[in-house]
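Quick caveat: nothing in here was measured; it's all calculated off a predicted structure.
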Amino acid sequence: MMAGLLPARRRQALGGGLCRGLPSDWWDTGDGGNRLALAICRACPERDGTVCRAGQRDDTPTGVIRAGVAYNDRGTALPLCECGYPQVDYAGGTVAPCARCVVPQVPIPDRQEFRARAVRLLLAAGATDEEIAAEMRVSVRQAGRLRIAAGVRRHKHRPAGAATVAAREPSRSAARRCTTTERTLA
């Protein structure tokens, strides 16, 4: 438990509202603790409608929260935003979402395109499948799949950039076909 904060039952036994012993900054309009202060005020047994009997009488509250109502510096009651905080910048008219509620419009890249671009950059730098796997934290097999999805095919046993058709000795089956064809022609 934080120093200076008393449990609700103990505060009630001492007399006064639920706010007794809590940081007073929470009740200053615009503080980060406003939402909690509003919730405490709404549940307080010392609240009588819009009148708070817990502290000193305040007939014209300005810039504070009293009895679950937030007031601006001119003493006007502030509406609450969807997130539960008082709208400090409210000047009348329609209630718009506050800065906490407005989500910035950030473009979210397509994951597959992002990974394909990363693989292409690694391949351009000369990375092997093992290096791609280590960099992207995937298995070597998955790195090969990512490389293929990025449009780069590479044979397993040939170095990068090697020709796909290489001069090699014919396989046994090809050698048999050649000898069989030569016998038939003779």
Given side chains that start at C-beta, do those of [X] and [Y] come closer than 4.5 Å, heavy atoms only?
X: Val64; Y: Asp28; result: yes
X: Leu80; Y: Leu38; result: yes
X: Tyr90; Y: Val95; result: yes
X: Asp129; Y: Arg147; result: yes
X: Leu146; Y: Gln142; result: yes
X: Cys98; Y: Cys83; result: yes
X: Leu22; Y: Trp27; result: yes
X: Leu122; Y: Met136; result: yes

- Query: Distance-only, no hydrogens or angles: does the Thr62 side chain make a donor-acceptor pair with backbone N or O of Arg74 under 3.5 Å?
  - Reply: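 Not a single qualifying donor-acceptor pair exists.
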
task: For the pair Asn72 (side chain) and Gly75 (backbone), establish whether a donor and an acceptor sit closer than 3.5 Å, ignoring hydrogens and angles.
output: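 Yes: the side chain of Asn72 pairs with the backbone of Gly75.
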
Can you establish whether the number of heavy atoms outside [X] located under 6.0 Å from its atom [atom1] is more than 12?
X: Glu113; atom1: CD; value: yes
X: Asp89; atom1: CG; value: no
X: Gln112; atom1: CD; value: no

Smallest separation among heavy atoms of [X] and [Y], with atom names:
X: Trp26; Y: Ile40; value: CZ3-CD1, 4.2 Å
X: Cys41; Y: Ala67; value: CB-C, 3.9 Å
X: Pro61; Y: Arg66; value: CB-CG, 3.9 Å
X: Pro97; Y: Val102; value: O-CG2, 4.0 Å
X: Asp73; Y: Gly63; value: OD1-CA, 3.6 Å
X: Pro86; Y: Ala70; value: CB-CB, 3.5 Å

Test side-chain contact (heavy atoms from CB on, under 4.5 Å) on Leu78 and Gln87; report intermediate values, then the result. CA-CA 6 Å; Leu78 293 171; Gln87 293 219 334; 5.5 Å; no

So, is the end of the Arg100 side chain (NZ or CZ) under 6.0 Å from the ring centre of Tyr85 and within 45° of the ring's axis?
->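 Cation-pi check for Arg100 and Tyr85: passes.
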
So, taking the atom named [atom1] in [X] and the one named [atom2] in [Y], what distance separates them when rounded to the nearest 0.5 Å?
X: Ser24; Y: Asp31; atom1: OG; atom2: CG; result: 9.0 Å
X: Arg47; Y: Cys52; atom1: CZ; atom2: SG; result: 10.0 Å
X: Arg53; Y: Cys44; atom1: CZ; atom2: SG; result: 8.5 Å
X: Thr128; Y: Glu131; atom1: OG1; atom2: CD; result: 3.5 Å

Would you please test Asn34 and Ile65 for side-chain contact (heavy atoms from CB on, under 4.5 Å) and show each step? CA-CA 8 Å; Asn34 282 168; Ile65 295 172; 3.6 Å; yes

(Q) Quick check: is Leu121 connected to Val119 through a chain of hydrophobic side chains (ILVMFWY, heavy atoms under 4.5 Å apart)? (A)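 No; Leu121 is not reachable from Val119 via cluster members.
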
